[in-house]
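Read through the structure below, which is laid out as structure tokens, and then see the notes.
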Amino acid sequence: MDFVLSRFLLVLSQIPNVNLDLISKNVVLINTLSYEENDIHTQLLKNSFSNFYNLLDKISHLINIYFELNKDSNKLSFHNVWFNRKNDINGKLCSLNNPGLNALYDIHLELEPEHEKFYLRKIRNNLTHNFLQIKNIKTAKNDLTLKELKDNTIELAKMVKNAIIYLIRAIDINEKQKYEKHKDKVIPKITNTTQKL
């Protein structure tokens with residue numbers, strides 16, 4: 001449902017004729033002449049982006065629980081679930097030989113500083129831990145326009161959708177491997193052996 005809600009916020013932020021004035025009816029925003037976008041549609045888009053990214057962290061918690069990694073959930077994120085205390089790739093995850101997990105790890109790599117999608121992580125960090133100004137005119141190199149935020153949110157939404165699919169696949173593969181390993185120990189179905197008298 002978090003994915004559905006994030007997508008709903010994205011769609012709602014793009015409908016210009018929906019009157020959401022009742023939400024900010026008594027709110028006074030001062031125009032600082034900085035070309036900043038300060039309306040409810042912009043905030044919906046920011047929240048959509050944050051919610052999509054938060055889903056990646058929720059995926060890491062599920063990986064931690066399902067694959068019994070025993071990592072501290074208070075310090076867990078999509079960027080550190082893959083590593084052990086020495087910052088090496090977790091041997092338990094490697095030993096599973098699971099293509100679904102490999103695909104999820106590839107998404108993690110795309111968001112690392114040396115890779116092309118790191119800007120999505122920077123946007124999330126600014127939204128969550130700092131302050132991100134959305135401008136209608138670019139006045140500095142790091143400014144983000146409303147269109148750029150929308151495009152980046154759509155890009156992130158696609159990435160998260162793929163991550164959810166890969167997670168489902170990883171669990172499916174793991175369950176099938178467990179079944180194959182223990183299928184000889186499965187109790188056979190009892191058939192009706194009652195004979196007619």
Notebook entry, point to check: Passes side chain to side chain contact (heavy atoms under 4.5 Å, CB included), Tyr119 versus Glu155? Steps please.
Noted result: CA-CA 11 Å; Tyr119 64 90; Glu155 180 72 27; 4.0 Å; yes
Next item on the list: Find the distance between CG (Asn84) and CG (Leu69) and round it off to the nearest 0.5 Å.
Entry: 10.5 Å
Notebook entry, point to check: Linking I/L/V/M/F/W/Y whenever any side-chain heavy atoms sit under 4.5 Å apart, do Leu101 and Leu62 land together?
Noted result: yes
Item checked: Closest non-hydrogen atom pair, Leu104 against Ala163 -> CD2-O, 3.3 Å
Check: Would Ile89 end up clustered with Ile107 when hydrophobic side chains under 4.5 Å apart are linked, directly or stepwise?
Finding: yes
Notebook entry, point to check: For Ala157, what residues pass the side chain to side chain contact (heavy atoms under 4.5 Å, CB included) criterion, not counting sequence neighbours?
Noted result: Phe52
Item checked: Heavy atoms from other residues, nucleotides or ligands near CZ of Phe8 exceed 12 (cutoff 6.0 Å) -> no
Notebook entry, point to check: With a 4.5 Å heavy-atom cut-off, do Leu44 and Leu10 have their side chains touching?
Noted result: no
Check: Same hydrophobic cluster for Ile164 and Ile63, using side-chain heavy-atom links shorter than 4.5 Å among ILVMFWY?
Finding: yes
Next item on the list: Determine, step by step, whether Ile59 and Val81 satisfy the side chain to side chain contact (heavy atoms under 4.5 Å, CB included) criterion, reporting the C-alpha distance in whole Å, the side-chain angles of both residues, the deciding distance to 0.1 Å, and the verdict.
Entry: CA-CA 10 Å; Ile59 286 171; Val81 71; over 6 Å; no
Next item on the list: Please check if the side chain of Asn64 supplies one atom and the backbone of Lys71 the other of a donor-acceptor pair under 3.5 Å.
Entry: yes
Item checked: Lys86 side, atom NZ; Asn90 side, atom CG - distance, nearest 0.5 Å -> 12.5 Å
Next item on the list: List in chain and number order the residues that pass salt bridge (Lys or Arg N to Asp or Glu O under 4.0 Å) with Lys178, two or more places apart in sequence or in another chain; answer none if no residue qualifies.
Entry: Glu175
Margin query: Rounded to the nearest 0.5 Å, what separates atom CZ in Arg121 from atom CG in Leu56?
Written below: 11.0 Å
Margin query: If I compare all heavy atoms of Thr153 with all of Leu149, which pair ends up nearest, and what's the gap?
Written below: OG1-O, 2.7 Å
Check: Val160 and Phe3: which non-hydrogen atoms are nearest, and at how many Å?
Finding: CG1-CD1, 3.9 Å
Item checked: Steps toward side chain to side chain contact (heavy atoms under 4.5 Å, CB included) verdict (Lys158, Ile154) -> CA-CA 6 Å; Lys158 291 175 186 176; Ile154 292 168; 3.9 Å; yes
Check: What distance do Lys46 atom NZ and Leu144 atom CG have between them, rounded to the nearest 0.5 Å?
Finding: 9.5 Å
Next item on the list: Decide if the gap between the ring center of His108 and the ring center of Phe83 is smaller than 6.0 angstrom.
Entry: yes
Check: Checking side chain to side chain contact (heavy atoms under 4.5 Å, CB included) for the pair Ser77/Asn80: CA distance, chi angles, key distance, verdict?
Finding: CA-CA 5 Å; Ser77 76; Asn80 66 20; 3.7 Å; yes
Margin query: Once rounded to the nearest 0.5 Å, what's the spacing between atom CG of Asn125 and atom CG of Asn130?
Written below: 9.0 Å
Item checked: Side chains of Asn47 and Gln43, donor plus acceptor under 3.5 Å -> yes
Item checked: Ionic contact status for Lys117 with Glu112, cut-off 4.0 Å -> no
Margin query: Using modelled atom types and a 3.5 Å cut-off, is there a donor and acceptor pairing between side-chain atoms of Lys92 and backbone atoms of Phe67?
Written below: yes
Item checked: Salt bridge present between Arg124 and Asp57 (N-O < 4.0 angstrom) -> yes
Check: Any side-chain heavy atom of Ile173 within less than 4.5 Å of one from Pro99?
Finding: yes
Note to self: Measuring from atom CG of Asn152 to atom CD of Glu148, what distance do you get when rounded to the nearest 0.5 angstrom?
What the structure shows: 7.0 Å
Next item on the list: Find out if a path of hydrophobic residues (ILVMFWY) with successive side-chain heavy-atom gaps under 4.5 Å connects Leu5 to Ile15.
Entry: yes
Check: More than 12 non-hydrogen atoms from neighbouring residues, nucleotides or ligands closer than 6.0 Å to CG on Asp88, yes or no?
Finding: yes
Notebook entry, point to check: For the residue pair Ser6 and Ser48, what are the closest heavy atoms and their distance?
Noted result: O-OG, 2.8 Å
Item checked: Set of residues satisfying side chain to side chain contact (heavy atoms under 4.5 Å, CB included) with respect to Leu109, sequence neighbours excluded -> Tyr105, Asp106, His115
Item checked: Linked, directly or transitively: Ile168 and Tyr166 (ILVMFWY side chains, under 4.5 Å) -> yes
Next item on the list: For the residue pair Tyr53 and Ile123, establish whether any side-chain heavy-atom pair is separated by less than 4.5 Å.
Entry: no
